Amino acid sequence: AVVLTIASNPHFERLLCPVSTLSRLVNGISDARQRGKVAASVARLASAAGLPPLLVEVRHATTHGDLPSLAQLRLATSLAMDWLEQHTGK
């Protein structure tokens with residue numbers, strides 16, 4: 001995956017809102033599926049919910065201080081919207 005560090009990205013503010021939204025989506029879906037005494041990984045829970053792996057990759061990268069490229073973010077946003085339409089009926 002192509003990522004840009006926050007410090008070198010002049011479009012940080014432009015990317016921050018969609019990146020935050022994607023991260024919250026992945027975390028929210030994953031947290032809702034968390035069961036048992038031992039926590040399962042976000043990747044496993046997101047996969048079980050049918051979230052596209054790219055969304056988990058974007059969330060993971062941003063959690064560790066890297067921003068996705070604009071192209072990767074656009075694709076992830078499109079995949080997220082498709083997932084939401086399929087799973088919320090809207």
Side-chain angles (χ1 to χ4, degrees):
V2 175
V3 292
L4 302 171
T5 61
I6 291 171
S8 69
N9 193 328
H11 304 293
F12 173 72
E13 290 180 11
R14 181 175 169 195
L15 299 175
L16 187 59
C17 185
V19 163
S20 297
T21 302
L22 289 172
S23 292
R24 290 183 62 134
L25 172 66
V26 173
N27 287 341
I29 298 301
S30 299
D31 287 349
R33 300 182 71 84
Q34 195 67 260
R35 303 283 186 265
K37 294 181 180 182
V38 178
S41 72
V42 171
R44 177 178 291 151
L45 295 167
S47 177
L51 283 173
L54 180 61
L55 302 184
V56 178
E57 292 172 23
V58 167
R59 178 235 172 242
H60 181 79
T62 57
T63 299
H64 295 284
D66 293 321
L67 290 175
S69 66
L70 187 54
Q72 188 179 31
L73 183 56
R74 285 181 178 148
L75 177 57
T77 301
S78 177
L79 293 171
M81 293 300 294
D82 290 345
W83 187 90
L84 285 167
E85 287 175 1
Q86 292 171 4
H87 290 83
T88 63
K90 297 185 181 197

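Being a predicted model, the structure only gives us computed values, none of them experimental. Start at 1 with the first residue, then count along the sequence.
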Peer 1: What closest approach, in Å, do Val26 and Leu51 show between heavy atoms, and which atom pair accounts for it?
Peer 2: CA-CD1, 4.1 Å
Peer 1: Quick check: closest heavy atoms across Val58 and Ala76, and the distance to 0.1 Å?
Peer 2: CG2-CB, 4.0 Å
Peer 1: Measure across Ala80 and Leu22 and return the closest heavy-atom pair with its distance rounded to 0.1 Å.
Peer 2: CB-CD2, 3.5 Å
Peer 1: Transitively linked via ILVMFWY side-chain contacts under 4.5 Å: Val56 with Val19?
Peer 2: yes
Peer 1: Apply side-chain hydrogen bond (donor to acceptor under 3.5 Å, both in side chains) to Ser23 and list each qualifying residue two or more places apart in sequence or on a separate chain.
Peer 2: Thr62
Peer 1: Please determine whether side-chain contact (heavy atoms from CB on, under 4.5 Å) holds for the pair Leu54 and Leu75, giving the CA-CA distance in whole Å, both sets of side-chain angles, and the decisive distance to 0.1 Å.
Peer 2: CA-CA 8 Å; Leu54 180 61; Leu75 177 57; 3.7 Å; yes
Peer 1: How long is the gap from CD on Glu57 to CG on Asp66, to the nearest 0.5 Å?
Peer 2: 13.0 Å
Peer 1: Look up atom CD1 in Ile29 and atom NE2 in His87, then write down how far apart they are to the nearest 0.5 Å.
Peer 2: 8.5 Å
Peer 1: Mind jotting down which residue pairs meet the ring-ring contact (aromatic ring centres under 6.0 Å, His included) criterion with at least one end in residues 20-59? Sequence neighbours excluded, please.
Peer 2: none
Peer 1: Between Pro52 and Trp83, which heavy-atom pair has the shortest distance, and what is it?
Peer 2: CD-CD1, 4.1 Å
Peer 1: Keeping to residues at least two apart or across chains, list the side-chain hydrogen bond (donor to acceptor under 3.5 Å, both in side chains) pairs with something in residues 28-53.
Peer 2: none
Peer 1: Within this structure, what is the CG-OG distance for the pair Asn27 and Ser20, rounded to the nearest 0.5 Å?
Peer 2: 10.5 Å
Peer 1: Apply side chain to side chain contact (heavy atoms under 4.5 Å, CB included) to Arg24 and list each qualifying residue two or more places apart in sequence or on a separate chain.
Peer 2: none
Peer 1: Please list all pairs meeting ring-ring contact (aromatic ring centres under 6.0 Å, His included) that have one or both residues in residues 33-54, counting only residues at least two apart or in different chains.
Peer 2: none
Peer 1: With rounding to the nearest 0.5 angstrom, report the CE to OG1 distance, Met81 to Thr77.
Peer 2: 9.0 Å
Peer 1: Show every ring-ring contact (aromatic ring centres under 6.0 Å, His included) that has at least one partner inside residues 17-60, sequence neighbours left out.
Peer 2: His60-His64
